[in-house]
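Contents: one structure, followed by commentary.
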Amino acid sequence: MTASTNAPDSAALERDARLINARHKDVAPGEIAIGVIIGRTSEFFDFFVYAIASVLVFPQLVFPYVDALTGTLYSFAIFALAFIARPFGTLLFMWIDRVHGRGTKLTIALFLLGGSTISIALLPSYAQVGTLSAVLLALFRIGQGVALGGAWDGLPSLLSLNAPEEKRGWYAMIPQLGAPLGLLVASCLFAYFLAILSPEDFISWGWRYPFFVVLAINVVALFARLRLVATPEFERLFESRELQPSPAFATMFRERRTIILGAFAPLASFALFHLVTVFPLSWVTLEVGEDPVRFLGIEALGAVVCVLAILASGVIADRVGRRAVLGVSAALIAVYSGFAPRLLDGGQVGETIYMIGGFALLGLAFGQSSGAVNSNFPSESRYTGAAIVANAAWVIGAGFAPLVALFLASRFGLWSVGLYLLSGAICTLGALAINKDFARRAA
């Protein structure tokens with residue numbers, strides 16, 4: 001093992017995992033899949049715990065001096081900070097990766113993620129410290145974003161590179177399962193505490209418990225990921241530069257066309273992602289007066305539907321091609337955008353149709369949106385290029401979606417949210433149409 005690929009600082013962290021894997025010549029795709037699902041579920045659980053609290057907790061706890069709508073908009077503005085911070089986290093932790101090794105990088109990133117989340121759980125209220133509460137919340141949210149950018153481990157790329165040729169669509173959807181699974185756990189936790197506690201107790205201390213759960217889940221995810229990055233297969237791909245970090249700015253300049261198209265290709269699913277998870281909860285809570293426990297139950301049911309749709313996307317993609325799935329799902333999202341958002345004002349039946357239909361479409365689109373252009377990168381740029389594409393797509397397509405959607409809906413009505421979603425579908429269809437080479441490779 002060369003010093004360039006495994007710095008001494010990382011050796012102590014990875015030694016045990018390497019000994020465990022030494023008895024195996026190869027790592028099975030199924031083993032990689034389990035590690036990827038655990039890792040992504042932990043990240044998205046952290047994500048959704050914060051997102052739900054942005055609607056149900058922070059407007060009252062941190063911004064009680066403004067009306068509920070304005071407080072939620074402020075909360076969504078802080079929510080977006082993590083997406084802005086992610087690229088900086090990627091740059092910082094890729095340097096740590098090159099100098100100190102993958103084990104050190106992952107350990108620091110996941111403990112920073114857990115520490116930032118626990119700090120939010122201990123956040124003092126506005127009544128206790130005034131506006132410092134909002135400042136602290138923003139700092140902790142930035143910490144989460146930096147950590148999420150640093151937690152990029154290349155495991156989805158390892159999974160796709162080890163997948164059988166005829167199963168590429170199936171294995172491409174596996175990392176995406178973490179999103180609905182994380183939402184399912186987060187929704188159920190918040191619904192449980194809302195149901196058993198009085199509103200006063202929930203705002204005082206009940207909402208903090210889901211944040212504490214994050215730390216335990218992150219520890220499990222850390223060991224699952226450390227085990228995989230120490231496998232012989234990961235080492236072989238790292239040595240061949242398939243999973244080795246390259247200079248970020250040089251990669252951005254050299255692969256700018258692939259990065260731009262890769263960032264816009266999944267925008268239909270990324271825009272829909274927040275418009276069926278975060279935004280509807282804020283709208284029905286503020287404007288409709290819906291019981292949040294009931295609506296969180298609908299979100300949990302929607303998450304199950306999303307899991308099934310993601311699984312279906314893998315089967316369909318292996319039969320008709322990933323590009324076809326991305327294109328058709330984007331067209332369906334465009335149709336959905338024309339009428340569905342207004343269902344949120346259609347009572348319980350309308351809300352349920354909006355949510356279940358939206359989650360079904362999200363699963364089909366989101367299931368194949370990850371790494372759709374990764375094969376276009378040369379091997380020496382794939383690891384870094386994939387991370388840049390993921391960060392750019394989340395910033396452009398998702399980071400500001402709850403803020404923009406709630407602002408538009410409150411000012412112009414729900415029809416304007418449909419236009420916002422339509423713009424994401426158009427971006428996806430445009431990216432697929434522009435790059436014929438990308439279309440051919442992704443198929």
Side-chain angles (χ1 to χ4, degrees), residues 40 43-52 54-55 72-73 75-90 141-142 144-149 151-152 156 175-180 182-183 186 259-283 299 302-303 306 310 326 329-330 333 336-337 341 358-359 361-373 386-409 417-428 431:
R40 294 300 175 264
E43 290 179 7
F44 278 106
F45 173 69
D46 191 325
F47 169 89
F48 283 118
V49 164
Y50 185 94
I52 294 172
S54 293
V55 177
T72 306
L73 290 171
S75 187
F76 281 165
I78 293 178
F79 174 85
L81 292 178
F83 297 90
I84 298 172
R86 280 182 70 156
F88 298 98
T90 297
R141 183 60 177 160
I142 290 171
Q144 285 185 315
V146 171
L148 284 170
W152 175 261
Q176 308 302 78
L177 291 171
L183 174 62
I259 289 171
I260 292 172
L261 287 171
F264 279 91
L267 286 195
S269 62
F270 279 27
L272 181 61
F273 184 90
H274 280 153
L275 296 186
V276 295
T277 57
V278 183
F279 163 71
L281 180 62
S282 67
W283 181 259
E299 290 206 337
C306 190
I310 288 175
L326 287 170
S329 61
I333 289 172
Y336 175 84
S337 71
F359 272 110
L361 286 177
L362 176 64
L364 290 174
F366 191 65
Q368 297 301 312
S369 66
S370 176
V373 303
I388 294 172
V389 165
N391 286 335
W394 280 110
V395 170
I396 298 171
F400 295 93
L403 175 64
V404 173
L406 182 58
F407 176 81
L408 290 175
V417 177
L419 288 180
Y420 179 69
L421 181 56
L422 177 63
S423 69
I426 291 172
C427 287
T428 292

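Keep in mind the model is a prediction, meaning the values are calculated, not measured.
- A donor-acceptor distance shorter than 3.5 angstrom exists from the side chain of Arg141 to the backbone of Phe79, with no hydrogens or angles considered.
- In terms of modelled atom types and a separation under 3.5 Å, the side chain of Ser369 and the main chain of Phe366 share a donor-acceptor contact.
- Atom CG of residue Leu406 and atom OG of residue Ser54 lie 11.5 Å apart, to the nearest 0.5 angstrom.
- By the 4.5 Å heavy-atom criterion applied to side chains, Val417 and Leu421 are not counted as neighbours.
- Under the 4.5 Å side-chain criterion, counting only non-hydrogen atoms from C-beta, Phe400 is in contact with Ile84.
- In this structure, the separation between CG on Leu362 and SG on Cys306 is 4.0 Å, given to the nearest 0.5 Å.
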Report all side-chain donor-acceptor pairs from residues 266-282 shorter than 3.5 Å, counting only partners two or more places apart or in another chain.
from	atom 1	to	atom 2	distance (Å)
Ser269	OG	Pro266	O	2.9
His274	ND1	Ala398	O	2.6
Thr277	OG1	Phe273	O	2.6
Ser282	OG	Phe279	O	2.6

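- Rounded to the nearest 0.5 Å, atoms CG (Leu148) and CZ (Phe44) are 9.0 Å apart.
- Applying the ring pair (Phe, Tyr, Trp, His ring centres under 6.0 Å) test to Phe359 and every residue at least two apart in sequence or in another chain returns nothing.
- Separating the CG atom in Leu419 from the OG atom in Ser337 is a distance of 7.5 Å, to the nearest 0.5 Å.
- Pairing each heavy atom of Gly367 with each of Ile310, the nearest pair is CA-CG2, 4.1 Å.
- Of all heavy-atom pairs between Ala186 and Phe48, the closest is CB-CB, 3.8 Å.
- Heavy atoms only, all atoms of each residue included: Trp283 and Ala409 are closest at CZ3-CB, 3.5 Å.
- What you find for Tyr50 and Ile78 is that their closest heavy atoms are OH-CG2, 3.2 Å.
- Classified by interplanar angle (parallel below 30°, tilted 30° to 60°, perpendicular above 60°), the ring pair Trp394/Phe83 is tilted.
- For the pair Ile388/Thr90, no side-chain contact is recorded, criterion being any heavy-atom separation below 4.5 Å from C-beta on.
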